[in-house]
2 protein chains.
Amino acid sequence: MKALLKDIEEEILSAGGKRSRSRAAVMEQFFRTRNHTTVEELTRAVRTRFPRIGAVTVYRTLKLLARMGYATELDFGDGARRYESSLSSHHDHLVCTVCGAVIEFENKDIEKLQDLVTLRHGFRPAAHRLEIFGRCRKCAANGAEGRNE
Amino acid sequence: MKALLKDIEEEILSAGGKRSRSRAAVMEQFFRTRNHTTVEELTRAVRTRFPRIGAVTVYRTLKLLARMGYATELDFGDGARRYESSLSSHHDHLVCTVCGAVIEFENKDIEKLQDLVTLRHGFRPAAHRLEIFGRCRKCAANGAEGRNE
DNA sequence: TTTGATCTTGAAATTCATTTTCACATTACA
DNA sequence: TGTAATGTGAAAATGAATTTCAAGATCAAA
């Protein structure tokens, strides 16, 4: 973790950037925080320790991490962009449209089939995103209605 | 097509809605227009024939169609929500981050694997979305840089 | 067909996430 | 240490999407 932050800082340096306390604080909090966090959540979290850090810096830092490949932008259709660390192994999402729960899953076979598809189209994949929307076990049992029903 | 519009109108009626010329015009244009259209594009198209129709009505109509299951909301990460008719068979997308080209593909095997995954989690799927981002054949050959590089 | 309740509309106002601007602070490196 | 460049935060700007509201349509009952 300590090492990770150092690596990122050095990558920024060698790309012509500079170190910054604010950015370091945001990055550390980001890799600490639960996954699928929004800018708003992360800003609040960072501010408990560094009250003067602005939301703009959080936006900028997350965008930077995404550009460098350390974070992934997500969209679960609720109007707020979410970010997750891209360091843990790749996974996709089951999103419950009733209670908002997000279940992560990993499926190598699906990935392999995706590679076949891209190959067939001469397409060079860089990233992908698979989200399945529906009702989680609990909400399906309750027979409750979802956001779009 | 004529029949489709009639069906939708009747579904709206039996749900307590009323007929409307504006909405009919938007719907007809929507099913005529190329896929992956934005509200802005569709508004412009509708207005060539009905200049007084407002963008608000287009927003409302597309949202309605999505709620009724006749349209699907998409997000290719370029800041504008897109809609496609959900009448043609389901497919997913390869999105070129260099030139913006969108290639549709269909893969039953991937869908089957998805069903297995949801089953395993007791999840009742209602919709899913799979987008693969990267470079299309042409842009990969050119060695050009993409939006996020 | 008139009436009246209800839905729909379009323009303008509003909301809300995100981006840009800008003056000032911080950092890197000579 | 000087200084050129990058980073910061507050406020302003942007832009897509939604809400509001008064006026216009539509439908069903009388």
Side-chain angles (χ1 to χ4, degrees), chain A residues 5-6 8-30 36-44 46-47 49-68 71 73-83 147-148, chain B residues 5-6 8-30 36-44 46-47 49-68 71 73-83 147-148:
Chain A
L5 293 178
K6 201 167 176 182
I8 299 180
E9 288 279 57
E10 273 173 19
E11 199 175 330
I12 292 175
L13 280 184
S14 67
K18 295 183 177 171
R19 248 181 278 271
S20 129
R21 295 157 191 294
S22 299
R23 189 164 54 200
V26 174
M27 292 197 296
E28 181 173 353
Q29 188 65 49
F30 172 67
H36 311 145
T37 190
T38 61
V39 169
E40 195 264 328
E41 280 171 2
L42 190 57
T43 303
R44 226 172 329 111
V46 171
R47 278 185 169 160
R49 289 205 285 158
F50 304 89
R52 308 192 49 73
I53 291 185
V56 194
T57 297
V58 179
Y59 273 104
R60 281 193 279 234
T61 303
L62 288 179
K63 197 129 251 185
L64 178 64
L65 287 176
R67 227 182 307 129
M68 295 172 68
E73 301 189 337
L74 299 172
D75 167 25
F76 294 153
D78 60 351
R81 187 183 297 162
R82 287 166 188 281
Y83 286 87
R147 282 201 303 248
N148 292 308
Chain B
L5 293 179
K6 201 168 177 182
I8 298 181
E9 289 279 57
E10 273 173 19
E11 199 174 328
I12 292 175
L13 280 185
S14 66
K18 296 184 176 171
R19 250 180 274 271
S20 129
R21 297 158 190 293
S22 299
R23 190 164 53 199
V26 174
M27 292 197 297
E28 180 173 354
Q29 188 65 47
F30 173 67
H36 312 145
T37 189
T38 61
V39 170
E40 195 265 330
E41 280 172 3
L42 191 56
T43 303
R44 228 176 323 114
V46 171
R47 279 185 168 159
R49 291 205 283 158
F50 304 89
R52 308 192 49 72
I53 291 185
V56 195
T57 298
V58 179
Y59 273 104
R60 282 193 277 233
T61 303
L62 289 179
K63 197 125 252 183
L64 178 64
L65 287 176
R67 228 181 308 130
M68 295 172 67
E73 302 189 336
L74 299 172
D75 167 25
F76 293 154
D78 60 351
R81 188 185 296 163
R82 286 165 189 282
Y83 286 87
R147 283 201 300 247
N148 293 311

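Source: prediction; values computed, not measured. Below, chains carry the letters A, B, ... as their sequence lines are ordered, and counting in each starts from 1. Atom set for the values below is all heavy atoms of this structure, side chains included, hydrogens, waters and symmetry mates excluded.
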Do A:Lys18 and D:dT6 share a donor-acceptor pair, side chain to base, under 3.5 Å?
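Answer is no: no donor-acceptor pair is held.
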Rounded to the nearest angstrom, tell me the gap between atom [atom1] in [X] and atom [atom2] in [N].
| X | N | atom1 | atom2 | answer |
| --- | --- | --- | --- | --- |
| A:Glu9 | C:dT27 | CD | C1' | 11 Å |
| A:Arg44 | C:dA17 | CZ | C1' | 15 Å |
| B:Arg82 | D:dA16 | CZ | P | 12 Å |
| A:Arg67 | C:dT19 | CZ | P | 10 Å |
| B:Asp75 | D:dA16 | CG | P | 13 Å |
| A:Glu10 | C:dT27 | CD | C1' | 16 Å |
| B:Leu13 | C:dT6 | CG | P | 17 Å |
| B:Leu74 | D:dA17 | CG | P | 12 Å |

Name the residue closer to the 5' end of DNA chain D, choosing between A:Val56 and B:Val56 according to the nucleotide with the nearest heavy atom.
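The residue closer to the strand's 5' end, by nearest nucleotide, is A:Val56.
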Examine distances only and state if a side-chain atom of B:Arg52 and a backbone atom of B:Ser22 form a donor-acceptor pair shorter than 3.5 Å.
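A pair under 3.5 Å: no.
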Does a side-chain N or O from [X] land closer than 4.0 Å to OP1 or OP2 of [N], or not?
| X | N | answer |
| --- | --- | --- |
| B:Lys63 | D:dT18 | yes |
| A:Arg19 | C:dA28 | yes |
| A:Ser22 | D:dG7 | no |
| A:Ser20 | C:dT27 | no |
| B:Arg21 | D:dT26 | yes |
| A:Arg23 | D:dG7 | yes |
| B:Tyr59 | D:dA17 | yes |
| B:Arg52 | C:dT9 | no |

Quick test of your reading of the model: are B:Glu40 and B:Arg44 salt-bridged, counting only N-O distances below 4.0 Å?
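A salt bridge is present here (some side-chain N lies under 4.0 Å from a carboxylate O).
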Measuring from the side chain of A:Val39 (C-beta onward, heavy atoms only), which nucleotide among C:dA12, C:dA28, C:dT18 has the closest atom?
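Among C:dA12, C:dA28, C:dT18, the one nearest the side chain of A:Val39 is C:dT18.
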Using the closest heavy atom to pick a nucleotide of DNA chain C for each, name whichever of A:Arg60 or A:Glu40 lands nearer the 5' end.
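It is A:Glu40 whose nearest nucleotide is closer to the 5' end.
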Taking the side chain as everything from C-beta on, heavy atoms only, tell me whether A:Tyr83 gets closer than 4.5 Å to A:Val39.
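A:Tyr83 reaches A:Val39 side chain to side chain.
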Residues A:Phe50, A:Val26; criterion side chain to side chain contact (heavy atoms under 4.5 Å, CB included); working and verdict:
CA-CA 9 Å; A:Phe50 304 89; A:Val26 174; over 6 Å; no
From CA spacing to verdict: salt bridge (Lys or Arg N to Asp or Glu O under 4.0 Å), A:Glu9, A:Arg19
CA-CA 7 Å; A:Glu9 288 279 57; A:Arg19 248 181 278 271; 5.1 Å; no
